[in-house]
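Here's the structure, in structure tokens; my notes come after.
So that the names make sense, note that chain A is the first sequence line, chain B the second, and so on, each numbered from 1. This one's a predicted model, so the numbers in the text were calculated from it and none came from an experiment.
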Number of protein chains: 2
Amino acid sequence: MNLHQLRIFYTVAQLGSMTAAAKQLYISQPAVTKQVHLLEENYGVTLVERSGRGIKLTALGKAVYQQAGKLFDQARTIERLLQSSHAPVRIGGTQITISRLIAADVAGPGIRYQAQNTQQTVALMKAQQLDFAILPFRAAVSGFDCLLLTQDQWVFVAAPQQVPADLTLAALLNQTLIVREPGSETRVVLGQTIGATVFSDAIETNSPLDAIRLAENGQGIYFTARSSVQALLDNGKLALVTLRDYQPTARPLYLYVSAGVPRALGEKMKQRLIAVFATSN
Amino acid sequence: MNLHQLRIFYTVAQLGSMTAAAKQLYISQPAVTKQVHLLEENYGVTLVERSGRGIKLTALGKAVYQQAGKLFDQARTIERLLQSSHAPVRIGGTQITISRLIAADVAGPGIRYQAQNTQQTVALMKAQQLDFAILPFRAAVSGFDCLLLTQDQWVFVAAPQQVPADLTLAALLNQTLIVREPGSETRVVLGQTIGATVFSDAIETNSPLDAIRLAENGQGIYFTARSSVQALLDNGKLALVTLRDYQPTARPLYLYVSAGVPRALGEKMKQRLIAVFATSN
DNA sequence: GGACATTACGCCATCCGTAACTATC
DNA sequence: GATAGTTACGGATGGCGTAATGTCC
């Protein structure tokens, strides 16, 4: 009995699609197909049948799906037992990342957030004041494992009507910019990108959500991580501002996990964080 | 959640011993220790404590043990579903091996035994009349996987009072032998070992159990696979007959699994067969 | 000293992702 | 042609066994 294969099949059954299951499980779609078929081969049965472009459960597949639900309920009971005695989990990162976590309601029992700038966050890590940290660069901090959480892009956005044509980086300074407070990651990267440190004629706010709202209302051009505005780009409330001499820069996010964190907890938190930063919301 | 680790812990908890769990699971003892400790590390908890030479469950360990029982019950329910639609499993082998299986009551729903001599068994395999076969040699039969089931020894045994001193193979023919019917594996190997084909003055039976009983009653010397009489050797009802010019010969048993057999079923059957032939009963 | 548990190391199986392919609409 | 599923291959991880070591009676 392979719980891993069963969980993949269960997700496929629940969503009625291999592709959807792959997305939800954050694995590739061929991996899902493979495991489902292996489960079938192991027992010499058919659980899923191709139906046109999609799939369909067999009668046995439906029965197994139903019973598997009970199994995972019991598995959760055991996991709760095993995780019952944990101190609050402390997550640190820059304001823009932490605000995403709070917005996505990643707030199980006993999670504490520490929004700081990057230097302060690293200092907290070294002082062993954090269990997890999210930073936009890879650094060696002793006692922490570092892994790539997501790959984002730095982009310029504005309300669709406000997007100037044929712009360059240098010309940006003549436009109204929406900028964040000095010391914030967003402001620092913007400064490096444009090659400027002073932003006269800019609207300044220390709230990412306010900044987005200002851009949406046509108040100016905002420089931000693409995923934080992807939903607005999708529904047309915001548009990308393309520059002749600028290609969107990669903006990785790295998750740092303290060595003191039990592995299962780290894995669970990692999955939740990947889910938050992978969704375009 | 790792079902494998949980099952190992569950067995340890049930038996109260790492070593006993290793034996029951047919894995090495370090592997058990490793998995139990990994389970603990994964969740940052303690489930098992060393207590003198043995171990002791913590309160959490007891709770997890209890809940794990329910989980495995549900897992069994699902396995039954997945295995519900199987044709009867057909197992073939020589009489001495099949009789061990029957004696050990390996007879789940729909198992059919085919006791034949080795040539007939191979013929049945080629005719696709068998799902599993047990043979004392390794042979390439297309459509079958072959794996070593156990390593046994061919030995001479007799009632303790009847064991002659300073015997040789040649001198055996002057002793009363208990032999099995012509064509049986036991008889063939005995012939090869002694270098004789005719056994005058021998007691002949076609029942392994009768043969053992005859030896136990002091009727003569019996040549057999050691594991079939290990229990009697242990409690002194029988004794090994040592010969100056004979070292016990290895008697391997190979399990043949048809390629048509679903993997989980093959695995399960393999475990059951290993259990039968590993025990000295 | 013996029984049991732990640690270290090398090997094999499993599972993933990428890429190329097939089938249905 | 686009979307969903399948097949093939190379690389990382996990779990095993063997062997050596530690620890308690």
Side-chain angles (χ1 to χ4, degrees), chain A residues 1-42 46-58 61 145-148 150-151 257 263-264 266-267 270-271 274 278, chain B residues 1-13 15-42 46-58 61 145 147-148 150-151 257 263-264 266-267 270-271 274 278:
Chain A
M1 188 68 187
N2 184 331
L3 203 61
H4 181 63
Q5 286 173 0
L6 191 65
R7 173 159 277 136
I8 290 180
F9 163 73
Y10 181 78
T11 309
V12 169
Q14 195 170 36
L15 301 176
S17 154
M18 301 265 194
T19 306
K23 275 182 190 158
Q24 175 158 328
L25 294 165
Y26 296 103
I27 60 179
S28 71
Q29 190 273 329
V32 171
T33 300
K34 188 92 171 288
Q35 293 309 316
V36 170
H37 287 190
L38 275 178
L39 177 63
E40 292 183 327
E41 278 173 33
N42 285 346
T46 304
L47 302 172
V48 165
E49 279 173 340
R50 291 197 58 159
S51 161
R53 268 189 316 195
I55 56 161
K56 205 182 65 174
L57 289 191
T58 63
D145 273 351
C146 176
L147 57 94
L148 183 64
T150 184
Q151 280 282 6
V257 183
R263 183 170 171 159
E267 198 57 34
K270 177 183 151 194
Q271 289 302 322
I274 287 178
Chain B
M1 188 68 186
N2 183 332
L3 202 61
H4 181 63
Q5 286 173 359
L6 192 64
R7 174 159 275 136
I8 291 180
F9 163 73
Y10 181 78
T11 309
V12 169
L15 301 176
S17 155
M18 301 265 193
T19 305
K23 275 182 190 157
Q24 174 157 330
L25 295 165
Y26 295 102
I27 60 179
S28 72
Q29 190 274 327
V32 171
T33 301
K34 188 94 171 285
Q35 294 308 318
V36 170
H37 286 191
L38 275 177
L39 178 63
E40 293 183 327
E41 278 173 34
N42 285 348
T46 304
L47 302 172
V48 165
E49 280 173 339
R50 291 197 57 161
S51 161
R53 268 186 319 194
I55 55 161
K56 205 182 64 175
L57 289 190
T58 63
D145 272 350
L147 56 94
L148 183 63
T150 183
Q151 280 283 5
V257 183
R263 185 172 170 158
E267 198 57 34
K270 177 183 150 193
Q271 289 303 322
I274 287 178

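Using a 4.0 Å cut-off, no side-chain N or O of Thr33(B) falls inside it from OP1 or OP2 of dT7(C). A close approach under 4.0 Å does not occur between any side-chain nitrogen or oxygen of Asn2(A) and OP1 or OP2 of dT14(C). Phosphate contact (OP1/OP2 of dG5(D), side-chain N/O of Thr19(A), threshold under 4.0 Å): present.
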- Task: Show the numbers, then the answer: is there a side-chain contact (heavy atoms from CB on, under 4.5 Å) between Val257(A) and Lys270(A)?
- Result: CA-CA 9 Å; Val257(A) 183; Lys270(A) 177 183 151 194; 6.0 Å; no
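In this entry the distance linking CZ of Arg7(B) with P of dG15(D) reads 15 Å, nearest Å. Lys23(A) places its NZ atom 10 Å from the P atom of dG5(D), with the value rounded to the nearest Å. With rounding to whole Å, Ile55(A) atom CD1 is found 10 Å from dA4(D) atom C1'. The interatomic distance linking Gln271(A) (CD) with dC16(C) (P) rounds to 12 Å, in whole Å. The interatomic distance linking Lys56(B) (NZ) with dA5(C) (C1') rounds to 16 Å, in whole Å. What separates CG of Leu39(A) from P of dC15(C) is a distance of 11 Å, to the nearest Å. If you take CG of Leu3(A) and P of dG15(D), they are 13 Å apart, rounded to a whole angstrom. When rounded to the nearest whole Å, the span between CG of Leu38(A) and P of dA13(C) equals 15 Å.
Under the side chain to side chain contact (heavy atoms under 4.5 Å, CB included) rule, Leu47(A) has a single partner from Leu39(A), Ile55(A), Val36(A), which is Leu39(A).
Interatomic distance, CD1 of Ile274(A) versus CG of Leu147(A), reported as 7.0 Å (0.5 Å rounding). Atom CE of Met18(A) is separated from atom NZ of Lys34(A) by 13.0 Å, given to the nearest 0.5 angstrom. Atoms CZ and CD, on Arg263(A) and Glu40(B) in that order, are 15.0 Å from each other to the nearest 0.5 Å. Annotation: the span from Gln35(B) atom CD to Asn2(B) atom CG amounts to 7.0 Å, rounded to 0.5 Å. Taking NE2 from His37(B) and CG from Asn42(B), the interatomic distance works out to 12.5 Å, rounded to the nearest 0.5 Å.
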Set out, line by line, the N/O atom pairs under 3.5 Å between protein and nucleotides 16-18 of chain D.
from, atom 1, to, atom 2, distance (Å)
dC16(D), OP1, His4(B), NE2, 2.7
dC16(D), OP2, Gln35(B), NE2, 3.0
dG17(D), OP1, Ser28(B), N, 3.3
dG17(D), OP2, Ser28(B), N, 2.5
dG17(D), OP2, Ser28(B), OG, 2.7

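Ranked by how close their nearest DNA chain C nucleotide is to the 5' end, Ala20(B) and Gln5(A) are led by Ala20(B). Each of Arg263(B) and Arg50(B) was matched to the nucleotide of DNA chain C holding its nearest heavy atom; the match closer to the 5' end belongs to Arg50(B).
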